[in-house]
Amino acid sequence: MQSTTGRFPDWIRRQWPSGEVHQEVKNLLEGLNLHTVCQSAHCPNQGECWSRRTATFLVLGNICTRSCAFCGVSHGQPGPVDEREPENVAEAVARLGIRHAVVTSVTRDDLDDGGARHIARTVTFVKEKNGETTVEVLVPDFCGDVNAIACVVTSGPEVFGHNIETVERLHPRLRDKRYSYQRSLEVLRVARGLKPDGYVKSALILGCGETETDVLGTLNDLRSAGCDAVAMGQYLRPGPGNGPVAEFVTPDQFKRYEQAAREMGFAFAVAGPFVRSSYRSEDLLAALPAGK
Amino acid sequence: MSKYTVTLPSLGDGEDALTGGKVAFWLIEMGQPVHAGGDLLEIETDKAAFVVPSPVEGTLTERLVREDDDVSVGTPLAVIEID
């Protein structure tokens, strides 16, 4: 079923962000000089999430040193790291009353630790200032540097996330050449080994030309690497410079993938056209028994 | 009676913020009533289709943009007459 213009199927439709709460969140984030992946990725969920007074913070600037074909975040030579950013994220979490804070970052191959200490500091500040708030990090591969992964894991986030993004077959085409499918699995495996009782999460964008067999294979690989939470959503082209959408996956197909993931043993699986790695991620902790 | 001009709301002043899109089609006819939060028109960005809501309750008396027009944040879209 297509919309009148034929560009998007009916299920790829959101409300344009507006309203007082949205404006309040916008002013607060700008006042603290913070970036969000909501804006940098032109996320269609921004209206819904910001109206619920939540946002996904993008730390270490908004310029990525890598360039993946699917991603809307700008790439190039990043500027210096804002040392006040961890405190400002903690302040924003407090003022917005966020109970589950998601902190993601651009990839910073120019920094000796890939930005791991800065991410860890952010987790620490958020937790110190917001005693009840749980934290989820979504990090790059740190070039496989175990010390960098450990630095983030030991800062104490309840959820450690690293996105595999796409199936093995499409990895060379869609991801920056410095990423690799096997290395991303290794990052998840290392995180699992460092924190056997924490949640390890990954996400896939679908509609890039993968088959069902590809997707199920990747879900299996993620489980084998110790990943126990997964999110799957539709690839939406951020702009003319990005690759085209190969297919709009139907909501029913997403439900089948979600069901398949649960049957494979993922403790948390969510899939849908507008699901993003951090979309409604607070449900992950809410849906599971406390104390993990 | 007063007139309210609906503009495309800003999503943020950051250099990364979404700045606009293309009008796909109108969702209500001229002279029809609309409630606050009711659908006015649909615009498309590269990523998705977005429904633009009316911030006020009233009657649509003017369409200030047409299908296929490029619109940016702040562009006047419609006039709503408020009772």
Side-chain angles (χ1 to χ4, degrees), chain A residues 2-20 22-23 25-31 33-47 50-51 55 58 61-63 70 72-74 106 234-242 244-245 248 273-274 276, chain B residues 4-29 34-58 60 63-80:
Chain A
Q2 299 289 309
S3 70
T4 308
T5 55
R7 275 197 62 204
F8 297 104
D10 282 349
W11 60 85
I12 303 295
R13 175 168 292 111
R14 302 298 266 165
Q15 189 163 81
W16 187 266
S18 61
E20 284 176 21
H22 187 275
Q23 185 68 28
V25 173
K26 175 170 103 66
N27 293 343
L28 189 152
L29 294 170
E30 284 167 4
N33 197 29
L34 294 173
H35 299 293
T36 61
V37 77
C38 323
Q39 285 201 334
S40 289
H42 295 173
C43 182
N45 298 330
Q46 183 185 331
W50 287 26
S51 296
L58 183 70
N62 61 346
I63 307 282
F70 57 83
V73 175
S74 304
V106 291
Q234 171 69 48
Y235 168 59
L236 296 168
R237 186 184 205 174
N242 300 94
V245 173
F248 286 104
F274 285 112
R276 298 292 178 259
Chain B
Y4 183 96
T5 302
V6 181
T7 58
L8 189 63
S10 165
L11 275 66
D13 299 331
E15 65 207 64
D16 294 332
L18 205 52
T19 53
K22 188 183 277 292
V23 177
F25 46 85
W26 281 87
L27 292 161
I28 70 164
E29 299 296 326
V34 62
H35 60 87
D39 298 343
L40 275 183
L41 74 164
E42 186 165 300
I43 70 164
E44 289 180 347
T45 69
D46 286 307
K47 270 203 164 178
F50 288 87
V51 172
V52 181
S54 173
V56 294
E57 181 174 349
L60 177 67
R63 290 174 170 176
L64 303 174
V65 291
R66 289 186 295 192
E67 292 175 11
D68 287 334
D69 280 357
D70 289 318
V71 289
S72 12
V73 162
T75 300
L77 302 173
V79 176
I80 307 287

Any donor-acceptor N/O pair, A:W16 side chain to B:L8 backbone, under 3.5 Å: no
field: B:E42 side, atom CD; A:Q15 side, atom CD - distance, nearest 0.5 Å
entry: 11.5 Å
A:H22 to B:S10 - nearest heavy-atom pair and separation: CE1-O, 4.1 Å
Least distance between heavy atoms, B:D46 atom then A:P238 atom: CB-O, 3.4 Å
field: Separation between CZ of A:R14 and OG1 of B:T45, rounded to the nearest 0.5 Å
entry: 12.0 Å
task: Mind checking the CZ-CZ spacing from B:F50 to A:R13? Nearest 0.5 Å is all I need.
output: 11.0 Å
statement: Looking only at heavy atoms, the pair that brings A:P44 and B:K47 closest together is CD-CD, 4.1 Å
